[in-house]
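This report refers to the structure that appears directly beneath it.
FYI, the numbering just counts along the sequence from 1. The shown structure was predicted, so the numbers you read here are calculated from the model rather than taken from an experiment.
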Amino acid sequence: MSSQAIKSLALYKRVTEIDRGLGPRLPEAYKKFYKEWKLTEPAAVHSIPEEGKWRRDEVTGQVFPIQNHPIPVRYPAEYNNQIWGGEGVVQGFEKRHKYNRRVPHFWVPALKRSAVYSEVLNKHVSVIITERAVQQIHENYGFDHYLLKTLACDLKSLLALSLKRKILQELSQGCPAYANNPEKQQMILNRYKKYLEAYTPEEINWYGYSFEDACTKYKNLIETQNPVVPLKVVYRAELIEKLKTAAESAIQEDKDISGAASWIQKINPFSKKHET
């Protein structure tokens, strides 16, 4: 493929699920999260990218362009209920003996069950986690700092993203978990309130949802604001209103007729009242 063809292909926008169906109607707050989650380049975990654009071979002196192609990584369904710290399942080939043919192999991160403590939520959470995620929690001096500092593209799992949303919501509400201890409540707020500057209340409310859950939430919101009323209910209400209007008109006509009759009786000299 020529360079001109590559440049022309680069002009086309990548179409994702956010660009079709119900996606364009979702709030901008969720679109911002989705771009951070799905369309942002995550940090390299399974490879060490080279810096620069060119490298020179130390033996031959030949210059080669640097091409940092990410290693294909798979994420099983169980991934969203665990915290892997950006790791995934790497599929490749392994040559176990120099005289044997290479065989397919999957490299899976070592998983273990552990308990992590959220200082904002004031709760311990039992999760399946990797050693890399534990190391990142220690490097960030706590589970809350790790979630609040890490981008959605690096957290990846829906469990980690939902916990991050709950922590942000707790901070925006003033840490009600420490309502009985105002001194510690203020200390926690002072420690973590800087993370709220990057989000609006609406962005916090839409943060961490999968595309399917966001569509469901949007549909429920629309139905709440504009409830769907069956046509039989509408027609019944219109019929009752018409019957009420007709009844009121009939009563008014009867009153008018009776009033006119009494007026005629007053001026009629041959009426029974005038006979006496």
Side-chain angles (χ1 to χ4, degrees), residues 16 18 23-43 45 79-86 114-127 129 132-222 224-225:
T16 61
I18 203 74
R25 299 172 59 186
L26 293 176
E28 292 297 326
Y30 181 76
K31 292 180 181 179
K32 178 183 176 182
F33 159 74
Y34 188 88
K35 291 176 182 178
E36 179 187 333
W37 181 35
K38 292 291 188 180
L39 305 181
T40 304
E41 187 69 24
V45 177
Y79 180 87
N80 285 318
N81 300 322
Q82 303 167 5
I83 300 178
W84 288 19
S114 181
V116 293
Y117 175 68
S118 173
E119 194 173 22
V120 176
L121 302 177
N122 195 21
K123 289 182 180 179
H124 286 85
V125 183
S126 177
V127 294
I129 198 169
R132 185 177 188 274
V134 173
Q135 183 181 357
Q136 287 182 319
I137 292 173
H138 291 325
E139 290 176 353
N140 288 281
Y141 303 101
F143 184 63
D144 298 285
H145 285 296
Y146 162 65
L147 292 180
L148 295 172
K149 286 182 180 179
T150 308
L151 295 176
C153 60
D154 294 322
L155 291 175
K156 290 188 182 295
S157 74
L158 294 177
L159 174 62
L161 294 172
S162 63
L163 288 173
K164 184 175 181 178
R165 181 181 67 251
K166 290 181 180 179
I167 292 172
L168 289 171
Q169 289 175 342
E170 287 286 314
L171 289 174
S172 62
Q173 296 171 5
C175 292
Y178 295 94
N180 298 328
N181 192 346
E183 184 178 351
K184 190 170 184 180
Q185 184 182 33
Q186 190 60 39
M187 182 187 68
I188 297 297
L189 284 174
N190 293 336
R191 185 177 298 171
Y192 296 99
K193 66 180 181 181
K194 60 182 179 180
Y195 296 107
L196 293 175
E197 298 175 357
Y199 306 95
T200 62
E202 186 181 8
E203 290 173 356
I204 293 175
N205 190 32
W206 285 93
Y207 195 92
Y209 287 100
S210 65
F211 180 75
E212 292 77 13
D213 292 341
C215 290
T216 303
K217 181 178 180 180
Y218 179 75
K219 289 178 182 178
N220 295 335
L221 185 63
I222 295 299
T224 304
Q225 295 176 350

Next item on the list: Answer yes if the ring centres of Phe33 and Trp206 are under 6.0 angstrom apart, and no otherwise.
Entry: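 No, the ring centres sit 6.0 Å or more apart.
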Notebook entry, point to check: Can the ring centres of His138 and Tyr146 be said to be less than 6.0 Å apart?
Noted result: no
Does the [X] side chain pair with the main chain of [Y], one donor and one acceptor, at a distance under 3.5 Å?
X      : Y      : value
Gln185 : Cys175 : yes
Asp154 : Ala43  : yes
Asn205 : Pro201 : no
Lys38  : Lys35  : no
Ser162 : Gly208 : no
Lys31  : Pro24  : yes

Does a sphere of radius 6.0 Å around [atom1] in [X] hold more than 12 heavy atoms from other residues, nucleotides or ligands, not counting ones at 6.0 Å or beyond?
X      : atom1 : result
Asn180 : CG    : no
Lys219 : NZ    : no
Glu183 : CD    : no

Closest contact, heavy atoms only, [X] versus [Y]:
X      : Y      : answer
Tyr218 : Pro27  : CD1-CD, 4.1 Å
Cys153 : Glu41  : SG-O, 4.1 Å
Asn122 : Ala177 : CB-CB, 4.2 Å
Asn140 : Gln136 : ND2-O, 2.7 Å
Ser157 : Asn80  : CA-OD1, 3.7 Å

Notebook entry, point to check: Once the angle between the rings of Phe211 and Tyr30 is folded into 0 to 90°, is it parallel (under 30°), tilted (30 to 60°) or perpendicular (over 60°)?
Noted result: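 Correct class here is tilted.
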Check: Which word best sums up how the rings of Tyr117 and His124 line up, parallel for under 30°, tilted for 30 to 60°, or perpendicular for over 60°?
Finding: tilted
Next item on the list: Quick one: do Leu171 and Ile204 satisfy side-chain contact (heavy atoms from CB on, under 4.5 Å)? Show the steps, please.
Entry: CA-CA 10 Å; Leu171 289 174; Ile204 293 175; over 6 Å; no
Value rounded to 0.5 Å, distance of [atom1] in [X] from [atom2] in [Y]:
X      : Y      : atom1 : atom2 : value
Lys217 : Tyr209 : NZ    : OH    : 4.0 Å
Tyr178 : Ile188 : OH    : CD1   : 4.5 Å
Leu168 : Leu196 : CG    : CG    : 6.5 Å
Leu148 : Ile167 : CG    : CD1   : 5.5 Å
Glu36  : Leu161 : CD    : CG    : 8.5 Å

Next item on the list: Applying side-chain contact (heavy atoms from CB on, under 4.5 Å), run through Leu163 and Phe143 and close with a yes or a no.
Entry: CA-CA 10 Å; Leu163 288 173; Phe143 184 63; 3.9 Å; yes
Taking C-beta and beyond as the side chain, do [X] and [Y] meet within less than 4.5 Å on heavy atoms?
X      : Y      : result
Pro176 : Glu170 : yes
Glu119 : His145 : no
Lys164 : Tyr207 : yes

Next item on the list: Take Ile137 and Ile129 through the test side-chain contact (heavy atoms from CB on, under 4.5 Å) and record every step on the way to the result.
Entry: CA-CA 11 Å; Ile137 292 173; Ile129 198 169; 3.9 Å; yes
Checklist line | Evaluation steps, side-chain contact (heavy atoms from CB on, under 4.5 Å), between Thr16 and Tyr34 | finding: CA-CA 10 Å; Thr16 61; Tyr34 188 88; 4.1 Å; yes
Checklist line | ring-ring contact (aromatic ring centres under 6.0 Å, His included) contacts touching residues 149-174 (sequence neighbours left out) | finding: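 Those involving residues 149-174 do not exist here.
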